[in-house]
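Read the structure below first, then the notes.
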Amino acid sequence: MMKMKIIMPVLLAAQTATMVLTTRYTRTVEVEGPRYLSSSVVLVAECVKLCFCLLLVFYQSGFQVRKFKSELNSKILRKPMETFKVAIPSGIYALQNNLLFVAISYLDAPTYQITYQLKIMTTALFSVTLMKKTITSQQWLSLFVLMVGVMCVQYPSEGGVSVTDNQDFSMRMIGFLVLLVACTSSGFAGVYFEYILKSSPLSLAMRNIQMAFFGVMFSAIGAYLYDGEKIAQDGLLQGYNAPVVFVMLLQAFGGLLVSSVVQYTDNLVKVFAASLSLIVSSFVSYFFLHDLKISLLFLVGTSLVLLATFMYGYKPSNRSSSLSSRMQVKTS
């Protein structure tokens with residue numbers, strides 16, 4: 001278990017940083033011929049996810065076709081209302097995944113990651129309004145610190161982050177607004193999906209199949225509406241190469257890795273992984289991609305975002321709280 005607590009956050013940090021950096025690279029590098037379509041990557045990733053989830057349930061059924069079909073019939077096909085519950089979060093996630101590709105095209109990797117931490121705020125707000133959860137004063141303070149930190153990072157300055165030869169303030173604002181919509185949709189979909197999981201005895205594997213099925217459907221509709229002509233002209237897999245396939249696989253299996261982190265560790269480990277991935281992406285963007293210019297305001301904003309993320313996820317351990325209670329008893 002101790003090895004898993006060490007390995008999981010490192011894997012999650014590596015996956016997050018690699019996903020952002022590789023996506024940024026594939027969206028900005030010069031290519032011969034047509035560039036790949038983000039809607040295509042989202043659609044293919046959902047197809048891969050659906051196939052993997054079906055294979056996982058087939059494995060859990062002992063590779064018995066009759067048992068596998070019985071599981072799908074009894075828990076999905078014969079319960080259409082239960083299945084359609086996940087249509088809303090699945091459609092929102094499909095929209096969000098496409099928006100993230102747009103945002104990373106306008107923002108460098110560190111700014112993208114820092115701004116995307118606003119999903120903590122939107123998730124908290126939807127948790128309070130929809131699920132009637134309570135948030136501590138420390139968490140409310142962390143949300144305020146988070147907002148100030150993001151404002152510092154996004155504030156335009158001549159030596160600041162995101163000011164490059166090909167990217168002015170208006171372009172950065174487009175990326176910020178798109179990412180803000182993605183954060184809002186992520187918060188709502190996450191809270192709604194959590195509500196579905198906790199209000200139904202259906203297993204997570206079956207829910208993943210339902211999510212992937214609707215994900216394929218909504219992603220296909222989006223690809224047809226936005227890039228139908230391009231797909232008809234040059235094909236669904238136009239512009240694909242090794243880095244693009246790598247991005248697609250990271251997109252498909254990233255959520256499964258997050259689920260493993262939650263299973264084997266706690267929320268504080270996720271915070272550590274997010275902080276580590278931000279450091280890695282900043283290092284690579286500055287020294288290798290050369291699309292990051294660090295200013296004092298950027299450093300202050302980054303520090304505030306990391307502090308806010310830590311404050312929101314930190315919970316005193318039972319050992320420390322019991323120790324404090326003992327001290328109170330002794331003093332009394």
Side-chain angles (χ1 to χ4, degrees), residues 19 37-54 56-57 71-103 115-135 177-228 248 251-259 262-263 270:
M19 175 68 184
L37 305 174
S38 59
S39 60
S40 167
V41 172
V42 174
L43 173 58
V44 175
E46 291 296 331
C47 292
V48 172
K49 191 184 304 181
L50 177 60
C51 293
F52 179 82
C53 292
L54 288 172
L56 180 61
V57 174
E71 284 286 310
L72 295 181
N73 286 327
S74 61
K75 296 182 179 179
I76 296 181
L77 298 179
R78 294 179 182 176
K79 296 181 179 180
M81 297 305 299
E82 189 73 20
T83 300
F84 276 105
K85 284 183 179 180
V86 302
I88 295 177
S90 181
I92 294 176
Y93 277 131
L95 172 64
Q96 171 198 325
N97 290 333
N98 282 281
L99 291 176
L100 294 180
F101 274 96
V102 176
T115 307
Y116 195 46
Q117 293 305 309
L118 283 174
K119 65 182 179 180
I120 298 176
M121 175 181 291
T122 59
T123 301
L125 295 177
F126 283 118
S127 297
V128 171
T129 56
L130 297 181
M131 299 190 68
K132 308 301 180 183
K133 288 187 175 182
T134 57
I135 295 182
L177 292 175
V178 170
L179 199 55
L180 187 62
V181 175
C183 290
T184 305
S185 63
S186 174
F188 176 78
V191 171
Y192 187 84
F193 188 56
E194 179 184 352
Y195 169 77
I196 293 175
L197 288 177
K198 292 184 177 181
S199 62
S200 173
L202 197 63
S203 66
L204 181 60
M206 287 297 176
R207 285 297 185 195
N208 283 332
I209 291 178
Q210 294 173 337
M211 289 284 289
F213 169 76
F214 285 109
V216 170
M217 185 176 67
F218 286 117
S219 299
I221 294 174
Y224 174 78
L225 293 177
Y226 292 104
D227 297 311
M248 182 273 296
Q251 177 86 13
F253 294 103
L256 299 176
L257 180 59
V258 173
S259 301
V262 174
Q263 179 179 358
K270 290 174 60 181

Scan the side chains in residues 85-92 for donor-acceptor partners under 3.5 Å anywhere in the protein, sequence neighbours excluded, and list what turns up.
from  : atom 1 : to     : atom 2 : distance (Å)
Lys85 : NZ     : Glu82  : OE1    : 3.4
Ser90 : OG     : Met211 : O      : 2.9
Ser90 : OG     : Gly215 : N      : 2.9

Set of side chain to side chain donor-acceptor pair (under 3.5 Å) partners for Lys119, sequence neighbours left out: none

Test item: Leu179 and Leu99 side chains (from C-beta on) under 4.5 Å apart, heavy atoms: no

Smallest separation among heavy atoms of Val191 and Ser127, with atom names: CG2-OG, 3.4 Å

Closest non-hydrogen atom pair between Cys53 and Ile209, with its separation: CB-CG1, 3.7 Å

Ring pair (Phe, Tyr, Trp, His ring centres under 6.0 Å) partners for Phe193, two or more places apart: none

Donor-acceptor side-chain pairing of Thr83 and Gln210 below 3.5 angstrom: yes

Min side-chain heavy-atom separation Phe218-Leu95 under 4.5 Å: no

Working for side-chain contact (heavy atoms from CB on, under 4.5 Å), residues Phe101 and Val41: CA-CA 10 Å; Phe101 274 96; Val41 172; 3.7 Å; yes

Contacts of type side chain to side chain donor-acceptor pair (under 3.5 Å), residue Tyr93, not counting sequence neighbours: none

Separation of Lys49 NZ from Cys51 SG (nearest 0.5 Å): 12.5 Å

Side chain to side chain donor-acceptor pair (under 3.5 Å) evaluation trace for Ser39 with Asn98: CA-CA 6 Å; Ser39 60; Asn98 282 281; 5.0 Å; no

Minimum heavy-atom distance Leu43-Ala220, with the two atoms named: CD1-N, 3.7 Å

Residues forming a side chain to side chain donor-acceptor pair (under 3.5 Å) with Ser40, sequence neighbours excluded: Tyr240

OH/Tyr195: more than 12 non-hydrogen atoms of other groups inside 6.0 Å: no

Set of side chain to side chain donor-acceptor pair (under 3.5 Å) partners for Asn97, sequence neighbours left out: Gln251

Donor-acceptor contact below 3.5 Å, side chain Ser185 vs main chain Gln96: no

Nearest heavy-atom neighbours spanning Thr122 and Gly187: OG1-CA, 3.7 Å

Between Phe214 and Phe84, ring centroids under 6.0 Å: yes

Test side-chain contact (heavy atoms from CB on, under 4.5 Å) applied to Tyr226 and Leu37, step by step: CA-CA 10 Å; Tyr226 292 104; Leu37 305 174; over 6 Å; no

Ring pair (Phe, Tyr, Trp, His ring centres under 6.0 Å) between Phe253 and Phe52, intermediate numbers included: CA-CA 9 Å; Phe253 294 103; Phe52 179 82; 5.2 Å; yes

Leu177 and Val181, any side-chain heavy atoms less than 4.5 Å apart: no

side-chain contact (heavy atoms from CB on, under 4.5 Å) between Val178 and Leu100, worked out: CA-CA 8 Å; Val178 170; Leu100 294 180; over 6 Å; no

Check: Ser186 side chain, Ala182 main-chain N or O, donor-acceptor pair, under 3.5 Å: no

Test item: Leu130 and Phe188 side chains (from C-beta on) under 4.5 Å apart, heavy atoms: yes

